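Below is one structure, written out as structure tokens; the observations come after it.
What's counted below: heavy atoms across the whole structure, side chains too, no hydrogens, waters or symmetry copies. Since this is a predicted model, take the numbers as computed values, not measurements. Chain letters run A, B, ... following the sequence lines, proteins first and then strands; every chain starts at 1.
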Number of protein chains: 2
Amino acid sequence: MAKNKRNIDLKVKQDELENTASRLFLSLGYEGTSMNRIARELGVAPNTLYWYYASKDELLVGVLNRQMSDTLARLPTIAEKPLKEKMAWALREFEQSRELVATVHARLEQSDVIREWHDQFHRFVETAVIHTLRADGVARERAATLATVGTFLVEGLLSHPHSPRQREAILQWFADSALPSQPPS
Amino acid sequence: MAKNKRNIDLKVKQDELENTASRLFLSLGYEGTSMNRIARELGVAPNTLYWYYASKDELLVGVLNRQMSDTLARLPTIAEKPLKEKMAWALREFEQSRELVATVHARLEQSDVIREWHDQFHRFVETAVIHTLRADGVARERAATLATVGTFLVEGLLSHPHSPRQREAILQWFADSALPSQPPS
DNA sequence: TTTGCTCTTGAATGACATACAAGAAACGTG
DNA sequence: CACGTTTCTTGTATGTCATTCAAGAGCAAA
């Protein structure tokens, strides 16, 4: 009863799988989405997924990478904006994935694949943020510290409910403390 | 085959359950610890646990409350220390529970009991930190923002591996930015 | 002794991630 | 075109998990 073969190639099929998985992960959460459910949605047998991904965690990594590259594509949009707006943008960017962020952190200790992805992700973000800060004239050591702090603030805001006023206050305070000589945005 | 009755009362038994659960949660993680395993360790049938707790999440809440009250008992120790040391203390205090912190965040959306505990926890911490800051002469609005930021930094440090130098740098930077007029500790 | 409460249990249930081996379709080579 | 190999898909099974249910055992009060 196997159907399509070489006419659709691997990448295209993975795209399809990851799109569906992504949609379900975002709406039902990672734990709330069973492999069975994803397969049903796709009209395939549950174990078919295991031909493409060794585990549910690997599928999650695929979904995360897809979202990362989407976000990266939108990055140039805010390249020239001030720090505060960059952080607000990142926050908006990851807001839909809020639940997945928590899932990644929770699975760090249980899944090597997830931990590797997470570490790589942080190295990447940290490097990028440090570059930005240094371009604004921040010293190397200080830039590294600020990059970590900025990341923690974004993650904190992502995982805790808060009002727009709180968000605004936190970002403003951070921007002021990080770049005291910067003109207001 | 039922054994002990009125001679040991509810609280004592719950103490025993939570002690064992706590030890296992901390060493194997929440997901890594099955109800079966906890029961085996206690020498009881798995479903016995459900007489004391409606669900695994409620057992986790019991464990969290226990740890919280332990921590609260140690709180006076650092009441008079400067901000930076208070944060370092909190960090040390929660370090063993690192994995549980991540678990709580991941289960927020799936478990009402956990969400309620989490919200209450944050309200409590926030209130306490704001009080401390206000005693140091920080204005109300600013104190609220700083309390949230401080919390996010502690949570960030808890859930991400880092060197002692990084920790020191982050805490120092935060303390300096939060209380610019404070004498060095 | 009977009734009822508190606690414990054995045995199930249904969901889940995943493993295994067999089969169908397409391909590459003769 | 024939045929073995590779790529994909499936039915079926496994073991683990949280949780449920109904039946008790021990104890206390009536």
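Summarising the geometry, the separation between NZ on Lys11(A) and C1' on dC8(D) is reported as 17 Å, rounded to the nearest angstrom. When rounded to the nearest whole Å, the span between CG of Leu17(B) and P of dC7(C) equals 11 Å. In this structure, Arg40(B) places its CZ atom 19 Å from P of dT8(C), rounding to the nearest Å. One interatomic measurement links the two molecules: CD of Glu16(B) to C1' of dT8(C), which rounds to 14 Å at whole-angstrom precision. dC16(C) atom C1' lies 8 Å from atom NZ of Lys56(A), rounded to whole Å. In this structure, the CG atom of Leu59(A) is 15 Å from the C1' atom of dC16(C), given to the nearest Å. Rounded to a whole Å, the CD atom of Gln14(B) is 13 Å from the C1' atom of dC7(C). Atom-to-atom, CH2 of Trp51(B) to C1' of dA22(D) comes out at 17 Å; the value is rounded to the nearest Å.
Each of Ala54(A) and Gly32(A) was assigned the nucleotide of DNA chain C with the nearest heavy atom; the assignment lying further toward the 5' end belongs to Gly32(A). Closest-nucleotide positions on DNA chain C for Thr48(B) and Arg37(A) were compared, and the one nearer the 5' end corresponds to Thr48(B).
Looking at Phe121(B) and Met68(B), their side chains come closer than 4.5 Å, going by heavy atoms from C-beta outward.
The ring-ring contact (aromatic ring centres under 6.0 Å, His included) analysis of residues 27-64 of chain A, with sequence neighbours excluded, yields the pairs Phe25(A)-Tyr30(A).
The side chain of Tyr50(A) places no N or O atom within less than 4.0 Å of a non-bridging phosphate oxygen (OP1 or OP2) of dC20(C). Residue Lys13(A) places at least one side-chain N or O closer than 4.0 Å to OP1 or OP2 of dT9(D).
Arg142(A) contributes a side-chain N or O that, together with a main-chain N or O of Ala178(A), makes up a donor-acceptor pair within less than 3.5 Å.
Residues satisfying the side-chain hydrogen bond (donor to acceptor under 3.5 Å, both in side chains) criterion with His162(A), sequence neighbours excluded, are Arg167(A).
The side chain of Ser55(B) approaches dT19(D) more closely than any other nucleotide in the set dA18(D), dT19(D), dC7(C).
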